[in-house]
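So the structure is just underneath, and the comments pick up after that.
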Amino acid sequence: MQFPILTFLIVLPIAGAILLLFVRDGERNAPLIRNVALVVSVLVFGETLLLWSRFNPGSGDFQFVERHAWIPSFGISYFVGVDGISLLLLVLTGFLTPLALLSSWESVHKKMKAFCVFILLLESAMMGVFVSLDLFLFYVFWDAMLIPMYFLIGIWGYDRRVYAAVKFILYTMTGSVLMLVAILGLAYLHNTATGRYSFDLLAMYDLQVPPAAQMWFFLAFALAFAIKVPIFPFHTWLPDAHVEAPTAGSVILAGVLLKMGTYGLVRFAFPLFPTAAALFAPYLAALAVVSIIYGALVAMVQPDMKKLVAYSSVSHLGFVVLGIAAMNTQGVQGAVYQMLNHGVSTGGLFLIVGMLSDRRHTRLIAEYGGLKKVVPHLVAAFMIVTLSSIGLPGLNGFVGEFLILLGAFRWNPRVAALAATGVVLSATYMLWMFQRVNYGPVTNEKNAVLRDLQPREWAVLIPIVAIAVLMGVLPNLFLRPIEPSVERMLDQVHRHGVRAQLGSSAGIRPNPKPRIPNPERSE
Amino acid sequence: MSLASLNAIVPMACVTAAAIAAMTAEAFRVPGERMPIGPLGVIGLIGAAIASVALWNHHASSFGVVVADNFGLFVTGILVVIGLLSLALSAPTIEREGLPQGEYYAMLLFAVAGMMLMATATDLIVIFLALELLSLAVYVLTGIRRDSPAATEAAFKYFLLGAFSSAFFLYGIAFTYGLTGSTRLDRVGSLIAAQAMAPTPMQLLAVGLLFVGFAFKVSAVPFHMWTPDAYEGAPPPVTGFMSTGVKAAAFAAFVRVFLAAFEPLRADWWAIAWIVAAATMIVGTVVGVVQDNVKRMLAYSSIAHGGYVLLAIVSASDVGKGAVLFYLLSYAVANVGAFGVIGLLETAERPNDRLRDFAGLWNQHPVLAALMTIFLLSLGGFPPSAGFIAKWYVFSAAVKSGYYWLAIIGVLSSVVSVFFYLRIVVMMYMEDSERPVQLPAVPPIAAAALIVSAILVFYLGVLPAPVLEWAAASISTIF
């Protein structure tokens, strides 16, 4: 039997959390607790790297598949596997969790044990979301993930943390329970078609869902994912949650949780309901463009650095959704790549903002100024991460945005043109913020005595910067495993989408938009 | 008549024997003497459990009016779990309040016996007898704190409205008898089926009156008014017991009467049941949001949970019937646990049941706070807890029968309910108490019961397959 590496990925953080439960909480044990949690999360990261090294990048199929019956009477199984799309998201999760733990080394003062337990449980649930190939299992992890995040925001957050935590959980749940109804509807359709229940994603891909049902199901799935991404106008929970969360929470929230929304679109909403997806893609793209521009404009006027970064996430994830809506190779590849980029660069930005606010206990841009002379190393890292977030060629952000815009252009040049303004806007708000914080004279004497990076902070920032450069210089290293899976997914969407349209007297798309044929697909 | 024909009543006989023993023991107890009366009840309940296991798949029948089919035995099993947990959680309250030990346990056990009878009865008159047996015992338990005005008021309200609903129920039985000449469910069913082509007003009246009677007992909207008062006034372990046990028994009989005997008239009652289910879910959750008293909040939550079970009944499929059983079990485990925690927070001076009293519980008693959180998250339907699987099962029944809107109302109302469960969690974890409450020590027996409940919550949430299969098997034998 093959070593169950994916199960191990889910179980290892839980095991670490259970281990921690047996350690007595208290000041004296805090270093021990931190170190145990850190070691566990580093081990998990190592395991994701092992997974990557064993992964066959030439294949677009699911690998390391494990399947065990769970609730056999309903065809629910513990069914996990990984393909190129989820592989790197797992690596990203494994990468960011230790950094999040390290970043909270000194900023978390109370209840260290519970904090580490929740972070590890959260990591396990996130891994579960990305590896689940059973809709029921996916939903279990999707919902289970909310609880640790809720506690992280609500206990260790800033002033309005309770409000933000409750808003976060209620918003997300509202979307996801409707998705639950759609999942049940799908299982029921499978039952009528084949005589048995199933929640198996691969079986669902082959299921012919009637177009009318596709519309409703797609809307339910898309709503759940749109809230999670979040796309305008479902984004209002995000600034609250991001701003009030502790640094570690923000890093994981921005770095991984938001990706679940876009991952869900790629993995579930589009391939399961291709006809409806084709119909709704233009609307989704329109909302994505609104998110890009609106997010950027709102980010520009924020006085609070954390809020600025939060709104920049809305804008950046708009790009990701646009790439997915374009549904061609470049768009989706770019979208997956951009998910990773955003995790690295926005995660990095939150870490840096967290370091500044640890030192000064404020996040207001106006409180800073002239930091370049005081903390040169910190500002250097800040610079690189800022540029990577803007999308400077040579750093990671450029590759993703370029691919997405290329894909969008092939789909609809006007949309691409509108979206491209987001690139300009992002340069504006990020650089303006950077300039106000770091250049000029030191206006506030409190800023004159700030410490520069500590060894622990070096350990947090060096990996981020290194990855940002690596992803910018060697994008193929990361794109190679993504490509076959994206191709398989697109093939799935287009083949089924076309078949479903032919099968339903072609009357469901009142205004069919001409699609540029995909030369890659003809091979 | 051979002795074997008594087999079906062995489980409730065990419990009744324990109840009588408890009463006798109390009569011989010198005031102030401590007697292990609780363990008597445990023996009786374990006897009932063993009998149920032995009767499984045997379909034993006694006197033609009590049938120990797998459905009834599954509910008996749920009642044993509720009874055992409640016994364990009651001990500290009895001790602290100086309640009459023997009477308390005797009433609790009589109530359990009545519930078991109700779950296995196949005759309307026997169902009524069982209903009265359990109701009378529960009225007494509600008001057992005789020096507390709130408890007396609660018991009196409960008694008046309960008696009122019993009258409805009895009247419904009378109409049914007038129509069919029988009170046995199987005969009623076949005669109704023969006449079902064109339902007469009499039939509808009979169905309607029985429905109202049941709706009172399961506190379905608009017959839920007594619930918050009764649940608030009763001692918390009693509330935990009656909010789960009475519901389990009443829903079991509900399923038998409406999905077996009156199944042919489903076309006439499903719309009413649909509306009642939707209203129960909505009112239970929305009104629960504004409560400041945790007991009242959980009372409204239990109303809403009744709505989810009704949703499964409306769906009326095999999935729905299995869902009723699984839901009752998982709800019972979590709700008894939640009220158990509330009971442990009570002190002789004050009930500590306001929302504010939970502030900072995490700092004072992290284990109790964690257990309460587990129970609340299960009631809210979060994976990986029993409540999630139960809700999923109920909603899949609704979707399977095509009641998408009811399922959507259900899932959205469960989001609303999450809001108020989280209010308690927010208090426990995210607020500091302005005035630390002196917590009494947690007795080991109650702690053990809570931990068992929590383990059951996770067991049913993570490995539900065996229990789901029992639930499915138990409905296949009768309907």
Side-chain angles (χ1 to χ4, degrees), chain A residues 21 25 69-74 76-78 110-111 113-114 117 125 128 136-137 139-147 150-151 153-157 161-163 165-167 169-189 191-192 197 199 213 216 220, chain B residues 318-319 322 362-363 366 370 373-374 377 380-385 388-389 391-423 425-431 461-469 471-473:
Chain A
L21 286 181
D25 202 2
W70 184 17
I71 307 178
S73 49
F74 284 88
I76 293 170
S77 49
Y78 173 80
K110 58 172 184 183
K111 305 277 184 189
K113 178 170 111 173
V117 167
F136 186 83
L137 187 66
Y139 188 84
V140 166
F141 284 121
W142 174 271
D143 243 17
M145 172 196 74
L146 298 178
I147 301 166
Y150 162 77
F151 281 109
I153 300 175
I155 299 176
W156 292 277
R161 56 185 192 272
V162 171
Y163 170 77
V166 173
K167 191 171 177 182
I169 208 164
L170 289 183
Y171 256 69
T172 320
M173 263 203 100
T174 309
S176 54
V177 292
L178 293 176
M179 179 170 77
L180 177 66
V181 176
I183 291 175
L184 291 171
L186 259 181
Y188 171 64
L189 279 182
N191 188 30
T192 14
Y197 288 99
F199 288 83
W216 288 109
Chain B
D318 278 358
V319 180
W362 190 34
N363 294 316
T373 308
I374 291 169
L377 291 179
F382 276 96
S385 68
F388 169 70
I389 303 282
K391 281 208 169 117
W392 160 79
Y393 203 177
V394 163
F395 296 137
S396 57
V399 167
K400 186 181 182 230
S401 302
Y403 296 113
Y404 275 92
W405 282 112
L406 203 53
I408 289 172
I409 293 173
V411 293
L412 290 180
S413 72
S414 86
V415 174
V416 178
S417 76
V418 164
F419 176 73
F420 63 74
Y421 296 128
L422 288 186
R423 285 182 70 193
V425 177
V426 163
M427 276 297 158
M428 292 192 297
Y429 283 83
M430 301 166 196
E431 303 276 334
V462 177
L463 296 169
V467 181
L468 281 175
E469 258 147 46

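Chain identifiers are assigned alphabetically (A, B, ...) following the order of the sequence lines, protein sequences preceding nucleic acid strands; residue numbering begins at 1 within each chain. Side chains included, hydrogens not; waters and symmetry mates left out as well; all remaining heavy atoms used.
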(message) Is B:Tyr429 close to chain A through its backbone or its side chain, or both, or neither, when contacts mean heavy atoms under 4.5 Å?
(response) both
(request) Measure distances from A:Ile76 to the heavy atoms of chain B and classify the residue's part below 4.5 Å as side chain, backbone, both or neither. (result) side chain
(message) Using side-chain heavy atoms (C-beta onward) and a distance below 4.5 Å, is B:Val425 in contact with A:Phe151?
(response) yes
(request) From the options A:Trp70, A:Phe141, A:Phe74, select the one residue that forms a ring pair (Phe, Tyr, Trp, His ring centres under 6.0 Å) with A:Phe136. (result) A:Trp70
(request) Under 4.5 Å heavy-atom distance to chain A, tell me which part of B:Val416 shows up: side chain, backbone, both or neither. (result) neither
Show me the side-chain donor-acceptor pairs of residues 169-187 of chain A shorter than 3.5 Å, one per line, residues at least two apart or across chains.
| from | atom 1 | to | atom 2 | distance (Å) |
| --- | --- | --- | --- | --- |
| A:Tyr171 | OH | A:Thr236 | OG1 | 2.6 |
| A:Thr172 | OG1 | A:Phe168 | O | 2.5 |
| A:Thr174 | OG1 | A:Leu170 | O | 2.6 |
| A:Ser176 | OG | A:Asp143 | OD1 | 3.4 |
| A:Ser176 | OG | A:Thr172 | O | 3.1 |
| A:Ser176 | OG | A:Met173 | O | 3.2 |

(request) Please look at B:Ser385 and chain A and tell me whether the side chain, the backbone, both or neither of the residue comes under 4.5 angstrom of a heavy atom of that chain. (result) neither
(message) Would you say that B:Tyr421 contacts B:Leu377 through its side chain, given a criterion of any heavy-atom pair below 4.5 Å between the two side chains?
(response) no
(message) Quick check for you: to the nearest 0.5 Å, what is the distance between A:Lys113 atom NZ and A:Leu21 atom CG?
(response) 5.5 Å
(message) Only pairs of heavy atoms separated by less than 4.5 Å count here; which of B:Ala407, B:Ser396, B:Ala398 has the most with chain A?
(response) B:Ser396
(message) Under the rule for ring pair (Phe, Tyr, Trp, His ring centres under 6.0 Å), what residues qualify as partners of A:Tyr188, not counting sequence neighbours?
(response) none
(message) Out of B:Arg423, B:Lys400, B:Glu431, return the one with the most heavy atom pairs under 4.5 angstrom to chain A.
(response) B:Lys400
(message) If we define contacts as heavy-atom pairs under 4.5 Å, which of B:Pro466, B:Pro366, B:Pro384, B:Pro464 has the most with chain A?
(response) B:Pro464
(message) With a 4.5 angstrom heavy-atom cut-off, is it the side chain or the backbone of B:Leu468 that approaches chain A, or both, or neither?
(response) side chain
